[in-house]
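Here the structure is laid out as structure tokens; the discussion comes afterwards.
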Amino acid sequence: MSKDFARERIARRIAHELQDGMVVNLGIGLPTWVANYLPSGSEVLLQSENGFVGLGPAPLPGQEDPDVTNAGGQPVTIVPGGACFDSAMSFAIIRGGHVDVTVLGALEVDEEGNLANWMVPGKMVPGMGGAMDLTVGARRVIVAMEHTAKGKPKILKKCTLPLTARQQVDLIVTELAVIEVTPQGLVLKEVAPDTTVAEVVAQTEATLIINTVKVMEV
Amino acid sequence: MSKDFARERIARRIAHELQDGMVVNLGIGLPTWVANYLPSGSEVLLQSENGFVGLGPAPLPGQEDPDVTNAGGQPVTIVPGGACFDSAMSFAIIRGGHVDVTVLGALEVDEEGNLANWMVPGKMVPGMGGAMDLTVGARRVIVAMEHTAKGKPKILKKCTLPLTARQQVDLIVTELAVIEVTPQGLVLKEVAPDTTVAEVVAQTEATLIINTVKVMEV
Amino acid sequence: MSKKLRTPREALAKMDNGATVMIGGFLCVGTPETLIEEVLRKDTKDLTLIGNDTGFPDRGIGRLIVAKRAKKVLASHVGTNPETGRQMHAGETEVVLVPQGTLAEQVRAGGAGLGGVLTPTGVGTIVEEGKQKITVNGREFLLEVALQADYALIKAHKADELGNLVYRRATRNFNPLMAMAAKTVVAEVEEIVPVGELDPDEIITPGLFVTYLVKRGKKDE
Amino acid sequence: MSKKLRTPREALAKMDNGATVMIGGFLCVGTPETLIEEVLRKDTKDLTLIGNDTGFPDRGIGRLIVAKRAKKVLASHVGTNPETGRQMHAGETEVVLVPQGTLAEQVRAGGAGLGGVLTPTGVGTIVEEGKQKITVNGREFLLEVALQADYALIKAHKADELGNLVYRRATRNFNPLMAMAAKTVVAEVEEIVPVGELDPDEIITPGLFVTYLVKRGKKDE
């Protein structure tokens, strides 16, 4: 499966989790793709932590406004009914539980719902940006990531990298599976039509609780 | 001396302490009078803790705007260049040291610069409103009050009423004297032309340090 | 038509006895009188009320005090409503007096997901009683904890259909802070305009905080 | 003419080596490039810089990093400027990474006279190292202390002659917070309008916070 195909599938599946009226923050990278798969006329309200709510699609070429960018610095638009604010208000919204869902990428997730996505000691230390606040503050945290990295599992018994937040992840969506984090552990809810439960288990280090497993809509 | 005459004198004297460009908060009651004695064209910027800066004079009769009142609930105006904000910003300005001078009434002040002006146990308990924040936060705290209450001194060795704030008063202005609070104690700076140093000392319970005493401009 | 628009009765239908209710306004400037009227009508009681002051006996929060709907009140000032003082002295109602700037930060903290703030206000006074004192860089502060509520009843000047709010002049005061700190936020407004009519830069309270809109002066039949 | 208007050189004349400087902007959106240009020109060094991120090597705070003007940087994200990471790993510059929402509150607290705030962000991560943990209502919070600075270099859209500021769209970010938290606040603006032209309700940063105004793109001779 090509990387883009995998990413598109993940984004498409996560779009189903978002309902009208929800306030949603999409992280940089793959999570941003989710917006492309919302149904037309969707009333999901996207929050952009750099300072507004009502994030709209990319502008047409030549119509970029340098003052309107997303948290990744890319030109975007603000939909009618959007509102701008400062960083304190932006994170009051995030930390205060006013964001219904955040979708974030991950380097590792584990059985307790711990998330690591901001640094690899000695190597990559870009900083946490808004990720720690988003993970702690959003009512529901969905991790969007490829199931493995260079063939190695990313869903672990216990994260090895420095954590972004402890016990905050609610749902993991990969190109192979949808996994729910529960107090009992990770529950395998769906597997993709082109794989099997056994294959997902093989590519996951964490123990998966398996009851009724549905086929993932892709 | 009539009460009004005393109060006018106090307000007039305090007006001399306020310079162009200063941000000033005037408490309810007597302190409010100070605004009447600022020179015309004064660029003192008055902050109103209910939510704006640029407090102007009372409106003409019939021109009151019910949305524009001072912290005492009386109709006022907002001068050109004024700005409105919420209570968190209002007290960020106050607590954060962005108010140069506050003028407050007092029930008691003492040698350490302690102030009591918000309650008399068992009797009058209106609440502190913004007074505690103003006293702690303003760069300079000026107390505006009559020298005595029913013949009894209000400038004491030690306050007997519950404090509004500890060691925050900088200057005391009464109809009889101007007294500065210093680490060494209360320094008598000026006495009114119609009284004497001995008379002021007699009406003050606190010890007054007396060096050069000027005649108060009234 | 706004999906958030309700009559006062609909908006407060689920408010139960014993609820914690924040009410905006400063001496009744920026107070949602239509919503207070509805609380009076529906006979809700044992409320914990949080507001800057308790208004006047015949206006604002004061009407709820006079009608004995509060078991507890948090406010910075109660001097304009003698009935509050009477109930406090008689032990009929618990009144907690809070410095105004502290109250503003406590409400904001509740909305912003903070546990509390450290303020120098009240150090060395009876306000510090029972509170944790924390020293930062050699200066003493009081730990004042976050406040949240079941309801915030607020007043705004204008809303758009999504519930984005703007305020006018001194009516803003505690309203935008309370809008962040309650489970159900009901905004009483003068006017509702179509989506897109407010500039994104002028909106003070984003609509995501607002549960219901009620038109000021609107009566249920 | 505004009494606060200065050339970049005049506005930053007293900025000394070793100063603590807050700089507004989010990935260079809302960053005062004209003021950064002046800091570069006057060769000020050993700065402690506080900003959301360190921009790009050729833009924003990134230019100061590349020119090695910072001895210490507090930021939430440095990933867009590889030179910051290089200096951090080489031990040439001290880089403290702070969660974005925590940084916003720390700056706001510095401006609001608070000693700090309690945040749940960072609990159970390396961010909690060396910090006091405080439990409120059974939940753990980190005490994050207030930040203040000698200078805040901010960017606004429009000012009036008194220094009242409005911002446009996503350029607001940290600018209004930093405007509150520094001894000297220099605002770089696109346009200065006469007093009275801004509505009191639309002003985001009251002029009392602003020391000097500088026109964007204005060069000293």
Side-chain angles (χ1 to χ4, degrees), chain B residues 28 48-52 54-55 65-78 82-97 112 114-116 118-119 121-137 159 161-168, chain C residues 24-30 52-56 75-82 84-85 88-89 95-109 111-112 117 119-128 140 157 167-180 204-205:
Chain B
I28 295 170
S48 193
E49 73 259 30
N50 53 322
F52 58 98
L55 181 89
D65 178 340
D67 293 348
V68 183
T69 53
N70 65 16
Q74 298 155 318
V76 292
T77 51
I78 298 179
C84 299
F85 31 74
D86 68 27
S87 296
M89 174 60 110
S90 185
F91 282 87
I93 290 171
I94 289 168
R95 202 192 306 99
E112 286 194 318
N114 296 320
L115 169 69
W118 75 282
M119 77 175 285
K123 279 186 170 170
M124 184 199 68
V125 192
M128 66 292 281
M132 285 192 178
D133 298 283
L134 278 162
T135 315
V136 169
C159 288
L161 295 170
L163 296 186
T164 303
R166 200 143 81 181
Q167 299 179 0
Q168 298 290 343
Chain C
F26 191 114
L27 293 179
C28 304
V29 177
N52 176 65
D53 54 75
T54 54
F56 303 94
S76 77
H77 199 271
V78 298
T80 53
N81 188 345
T84 312
M88 174 170 51
H89 284 300
V95 177
V96 181
L97 293 166
V98 184
Q100 205 168 111
T102 298
L103 189 63
E105 286 297 325
Q106 287 181 294
V107 173
R108 180 182 179 276
V117 299
T119 179
T121 304
V123 170
T125 77
I126 60 174
V127 165
E128 75 177 32
E140 273 192 337
H157 181 58
Y167 304 88
R168 192 171 169 276
R169 304 299 189 247
T171 66
R172 198 183 305 185
N173 54 71
F174 279 77
N175 286 300
L177 308 172
M178 291 174 170
M180 301 161 65
I204 300 294
T205 297

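By convention in this document, chain letters (A, B, ...) are assigned in the order of the sequence lines, proteins followed by strands, and residues within each chain are numbered from 1.
In this structure, no portion of B/T135 lies under 4.5 Å from any heavy atom of chain C. Contacts between B/A116 and chain C at a heavy-atom distance below 4.5 Å are absent for every atom of the residue. When heavy atoms are compared at a cutoff of 4.5 Å, B/M119 approaches chain C solely by way of its side chain, counted from C-beta outward. The part of C/V127 that comes within reach of chain B is its side chain, from C-beta onward, which places non-hydrogen atoms under 4.5 angstrom from that chain. With a 4.5 Å cut-off on non-hydrogen atoms, B/I94 does not touch chain C at all. Both the backbone and the side chain of C/P120 come within contact range of chain B, with heavy atoms under 4.5 Å apart. Proximity to chain B is limited to the side chain of C/F26, based on heavy atoms less than 4.5 angstrom apart. When heavy atoms are compared at a cutoff of 4.5 Å, C/T54 does not approach chain B at all. For chain B, the nearby parts of C/V78 are the backbone and the side chain; heavy atoms of each come within less than 4.5 Å.
Ranking C/G79, C/C28, C/A75 against chain B, the residue ahead of the rest is C/G79, based on heavy-atom pairs under 4.5 Å. Considering only heavy-atom pairs separated by less than 4.5 Å from chain B, the leading option among C/E105, C/H157, C/H89, C/R169 is C/R169. Among C/L97, C/I126, C/V95, the residue making the largest number of heavy-atom pairs under 4.5 Å with chain B is C/L97. Most heavy-atom pairs under 4.5 Å with chain B, from the set C/A104, C/G30, C/P99: that is C/P99.
Salt bridge status for C/R108 with B/D86: absent, with no side-chain N to carboxylate O gap under 4.0 Å.
Considering all non-hydrogen atoms of both residues, C/R168 and B/D67 come closest at NH1-OD2, 2.8 Å.
Looking only at distances, a side-chain donor or acceptor of B/R95 sits under 3.5 Å from a matching main-chain atom of C/G101.
Separation of atoms CZ (C/R172) and CE (B/M89) is listed at 9.0 Å; rounding is to 0.5 Å.
For the pair B/T69/C/L27, no side-chain contact is recorded, criterion being any heavy-atom separation below 4.5 Å from C-beta on. In this structure, C/N52 and B/S87 have side chains that are not in contact, with every pair of non-hydrogen atoms separated by 4.5 Å or more. In this structure the side chain of B/N50 never reaches within 4.5 angstrom of the side chain of C/N173, judged on heavy atoms.
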